[in-house]
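Notes follow the structure.
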Amino acid sequence: MPELPEVETTRRGIAPRLTGQQVCTITVREPRLRWPVPESVSRQLPGQPILAVERRGKYLLARTPGGTLLLHLGMSGSLRFTHPDDPWRTHDHVELRLEDGGALRFNDPRRFGALLWTTDDPACHPLLAGLGPEPLSEAFSADYLQQRARGRRMAIKPLLMDGRIVVGVGNIYASEALFRAGIRPTRAAGRIAAARFPLLVEAIRDVLEAAIEAGGTTLRDFHNGEGKPGYFGRQIQVYGRAGQPCLSCGGPVKSARLGQRSTFWCPGCQR
DNA sequence: ACTGGCTCCTGAGGGC
DNA sequence: TGCCCTCAGGAGCCAG
């Protein structure tokens with residue numbers, strides 16, 4: 001489900017209510033997520049006030065004085081505020097009871113998500129330490145991307161989806177950004193002309209910013225902390241549109257599998 | 001160092 | 001209605 005815009009939308013949805021509030025109890029109904037939910041979360045999180053809710057790539061970080069809760073939504077995870085008395089839904093795996101009497105529940109049908117705890121600097125956590133720059137930061141520049149693409153024979157699309165190169169760009173937004181930049185997803189990363197990198201970096205930024213602005217993309221069931229969908233789907237130009245006319249040139253949108261992921265592009269507009 | 005392929009899991013949707 | 005197949009927005013891990 002969630003790429004950077006959806007995770008950021010989730011963060012913005014939950015941060016105002018969580019920040020400054022204490023976590024009273026945590027209930028782990030189903031610890032079998034991507035990795036087992038560690039005992040340390042249940043031991044150390046209760047009683048801690050949440051100082052801030054941050055995001056690094058697609059990870060959410062809830063900081064407390066005693067440690068940081070690391071949360072990844074995987075493909076199908078979501079967070080939702082509820083009342084503690086509300087019946088548990090299928091795939092509600094974890095609940096945080098809050099000082100204000102409410103609760104935050106983590107729901108994840110596919111259980112590719114993760115909930116971890118670290119008492120160290122989260123930036124040094126094994127899952128975060130090797131991550132590339134944030135795409136909306138200055139560190140993600142045309143020069144940087146060109147340098148990382150140099151000599152690589154891998155297609156540009158899977159390269160953009162590699163978190164060690166740049167974080168947060170998933171399957172939808174990689175296709176959309178490449179369409180906007182006029183670059184074929186199958187083009188070898190190392191064979192992209194230098195002059196095209198500024199365009200590509202700008203396209204990635206633009207598409208992510210527009211998606212955050214719209215509250216994310218709801219293809220199936222994404223919703224923010226209040227249960228509302230995202231509206232970026234209306235601005236999608238190629239993703240999921242195989243065989244339909246390109247919104248720019250009218251030719252048919254093509255699709256193929258690239259690195260085990262479905263990929264969409266317009267052969268007329270993208271070279 | 002790169003590359004491509006496999007894997008975890010449940011659910012939805014299409015074809016028959 | 002039911003069965004079987006394919007696919008799904010992530011990403012760590014492995015062999016070659």
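Remember, it's a predicted structure, so these values are computed and weren't measured experimentally. Chain A is the first sequence line, chain B the second, and so forth, proteins listed ahead of strands; every chain is numbered from 1.
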Counting only side-chain heavy atoms from C-beta out, which of B:dT3, B:dC6, C:dG9 sits nearest to A:Gln260?
B:dC6

Any donor-acceptor pair under 3.5 Å joining the side chain of A:Arg110 to the base of B:dC9?
yes

Which distance, rounded to the nearest 0.5 Å, do you find between the OG1 of A:Thr25 and the CZ of A:Arg97?
5.5 Å

Phosphate oxygens OP1/OP2 of B:dC9: is one of them under 4.0 Å from a side-chain N or O of A:Arg32?
no

Check whether any side-chain N or O of A:Arg257 sits under 4.0 Å from OP1 or OP2 of C:dA8, and answer yes or no.
yes

Rounded interatomic separation in angstrom, taking CG from A:Leu258 and P from B:dT3:
13 Å

Atom CZ of A:Arg164 and atom P of C:dG10: how far apart are they, to the nearest Å?
16 Å

Integer-rounded Å distance: C:dT6 P and A:Arg261 CZ
18 Å

Can you tell me the distance, in whole Å, between the CE atom of A:Met161 and the P atom of C:dG9?
7 Å

Under 4.0 Å, heavy atoms only, any strand: does A:Gly259 hit a base, just the sugar-phosphate, or nothing?
nothing

Using whole Å, report how far CH2 of A:Trp35 lies from P of B:dC8.
15 Å

Rounded to whole Å, how long is the line connecting atom CG of A:Leu115 with atom P of B:dC8?
22 Å

With respect to the phosphate group of C:dC7, does any side-chain polar atom (N or O) of A:Ser262 fall under 4.0 Å of OP1 or OP2?
no

A:Phe112 aromatic ring stacked with six-membered ring of B:dC8, 5.5 Å and 30°:
yes

Quick one about A:Arg148 and A:Tyr144 (side-chain donor to acceptor, distance below 3.5 Å, no hydrogens or angles considered), yes or no?
yes

Distance in angstrom units between A:Leu73 CG and B:dC9 P, rounded:
19 Å

What's A:Phe232 touching, base or sugar-phosphate or nothing? Going by heavy atoms closer than 4.0 Å.
nothing

Any side-chain N or O of A:Tyr59 below 4.0 angstrom from OP1/OP2 of C:dG12?
yes

Do A:Arg80 and A:Asp92 sit within salt-bridge range, that is, some charged N less than 4.0 Å from a carboxylate O?
no

Starting from the 5' end of DNA chain B, give me the residue, A:Thr90 or A:Pro158, whose nearest nucleotide shows up first.
A:Pro158

For the student: nearest non-hydrogen atoms of A:His93 and A:Asp108, plus distance:
NE2-O, 2.8 Å

Nearest-Å distance for atom pair CZ/C1', residues A:Arg111 and C:dA8:
17 Å

May I ask you to verify if any side-chain N or O of A:His72 is less than 4.0 angstrom from the OP1 or OP2 atom of C:dG12?
no

Check whether any side-chain N or O of A:Tyr173 sits under 4.0 Å from OP1 or OP2 of C:dG9, and answer yes or no.
no

Regarding A:Glu54 and A:Arg56, does a basic nitrogen lie under 4.0 Å from an acidic carboxylate oxygen?
no

Pair assignment for C:dG9, Watson-Crick or G-U wobble, requiring both distances under 3.5 Å:
none

